[in-house]
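Ligands are counted one by one from 1 in listed order, and the atoms in each one are counted from 1 as well.
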Amino acid sequence: MQPHLDHFRALIAERDRFCILSHIRPDGDAYGSSLGLALSLKAFGKEVSVYSEDGLLRNYLFLPGKEMVEKTPAAPPPPEVAIIAVDTSTQERLGETFVGWNRQPDVNIDHHQSNPRFGRINLVDAESPACAQILHDLIDAAGLPCPPEAATNLYVGLMTDTGSFQYRHTSAHTFEVAASLVSRGADPTAIAQRFYQSTSVESFMLKREVLAVTKFTHTNRVAHYRLTQEMYARSGARTDEVENFLEQLQVVGSVEVAFMLEEMEGGKTRVSLRSRGRVDVNQIAASFGGGGHRLAAGIRSSLPPEELEARLLEKIGQALASHGG
Ligand code: AMP
Ligand code: MN
Ligand code: MN
């Protein structure tokens, strides 16, 4: 990382204007990393824009600096504006509008195993449990300020991507970063409440439907469900209100792999996969053109959902068998 870190420092010194982008269907780490870095650069006197293909989803209205998030504009920024991608495994996942800009990001800061290093400067660490952790260290290493609003955003990224400090890659250093962010003004109780105790009744109703159609296969080592547009319509929940549904399947002790297929408007199917540890779901996702991490990965596919479901069950079965099960 060292030469890249030097280049990053030089870029910060040279440029006055920055634009920060993260992945489509943004999560806590995508917004937290974007806004954390944006507020740090802003406090350093830089001019910063934060773009997202999806704009700001409602669950994240509590984030400080939220008003900075804009939908990615159709026209690319002028060349003097440095483009920074955070928490995003491939350029395509920065969104169609960004792809239309036809610009290579100047900096790619990420923690996905499958990241192909698409930036001019690449700060990618697959051992980091959240992009926000990389950013915390980077902000310190580059001598940038970290005001309370930036610390709060980075804490949101760290908390959500580690599943509240449970998932693999949560290390002693992760707790050091958390402590550093709390000492700079992040409030762990308030953030956890905003995040984990604020779902709508509609979202609860959708979760109930999802649990009712969950299937256990492969002697209960695989659990999965299909989420349809009708289920959304019946429950009244929004598409951004399904976060953490899949994790509900992982509470069953026998489940090695949990996955879900969501039939999206427009005919594509979105798949999320989670593994307890033995199966590398990043590999499975990659064989369908997706990607992610060993324990959490995703796919977007145009295959009919029935076929995708059957092929995923087969692949996962093979992966389990190869691990002696
Ligand atoms: P999700 O299931 O959407 O929470 O995604 C799990 C992980 O896989 C996240 O780190 C995503 O960035 C990554 N991921 C999800 N979908 C895709 C995809 N279609 N291509 C590459 N990576 C993905
Ligand atoms: Mn993310
Ligand atoms: Mn992340």
Quiz item: Which is closest to atom 4 (O) of ligand 1 in terms of heavy atoms, Arg274, Glu247, Gln113, Met260?
Solution: Arg274

Self-check item: Among His23, His293, Arg93, closest by any non-hydrogen atom to atom 20 (N) of ligand 1
Solution: Arg93

Quiz item: Below 2.8 Å, any N, O or S contact between Cys131 and the Mn ion (ligand 3)?
Solution: no

Quiz item: Do any of the N/O/S atoms of Asp27, backbone or side chain, fall under 2.8 Å from the Mn ion (ligand 3)?
Solution: no

Self-check item: CG-CZ distance between Leu57 and Arg25, expressed to the nearest 0.5 angstrom
Solution: 8.5 Å

Exercise. Quick one: pull up CD1 in Ile109 and NE2 in His4 and give me the separation to the nearest 0.5 Å.
Key: 12.0 Å

Quiz item: So, are Arg238 and Asp54 salt-bridged, with charged N and O less than 4.0 Å apart?
Solution: no

Quiz prompt | Any Phe288 side-chain heavy atom under 4.5 Å of Leu308 side chain | solution = yes

What atoms in ligand 1 come closer than 4.0 Å to a heavy atom of [X]?
| X | answer |
| --- | --- |
| Gly290 | 20 (N), 21 (C) |
| Gly292 | 8 (O), 13 (C), 22 (N) |
| Ser89 | 21 (C), 22 (N) |
| Arg300 | 19 (N) |
| His112 | 9 (C), 10 (O), 11 (C), 12 (O) |
| Arg270 | 3 (O) |
| Ile299 | 16 (N), 19 (N) |

Quiz item: In Asp87, the N, O or S atom nearest to the Mn ion (ligand 2) is which?
Solution: OD2

So which heavy atom in the protein is nearest [atom], and how far is it from that ligand atom?
| atom | result |
| --- | --- |
| atom 8 (O) of ligand 1 | Ala297 CA, 3.3 Å |
| atom 23 (C) of ligand 1 | Gly291 O, 3.2 Å |
| atom 7 (C) of ligand 1 | Ala296 O, 3.4 Å |
| atom 2 (O) of ligand 1 | Ser272 OG, 2.6 Å |
| atom 16 (N) of ligand 1 | Gly298 CA, 3.2 Å |

Would you mind naming the N, O or S atom of [X] nearest to the Mn ion (ligand 3)?
| X | result |
| --- | --- |
| Asp161 | OD2 |
| Asp29 | OD2 |
| His111 | NE2 |

Using a distance-only test with no angle check, is there a side-chain donor-acceptor pair under 3.5 angstrom linking [X] and [Y]?
| X | Y | answer |
| --- | --- | --- |
| Ser171 | Thr174 | yes |
| Glu262 | Thr269 | no |
| Tyr196 | Ser164 | yes |
| Gln133 | His136 | no |

Quiz prompt | Aromatic plane relationship, Phe62 with Tyr60 - under 30° parallel, 30 to 60° tilted, over 60° perpendicular | solution = parallel

Practice problem: Look at the aromatic rings of His293 and His111 and report parallel, tilted or perpendicular, splitting at 30° and 60°. | Solution: tilted

Quiz item: When you look at CD of Glu265, are more than 12 heavy atoms from neighbouring residues, nucleotides or ligands closer to it than 6.0 Å?
Solution: no

Quiz item: With no hydrogens and no angle check, is any side-chain donor or acceptor of Asp106 less than 3.5 Å from a backbone partner on Ile83?
Solution: yes

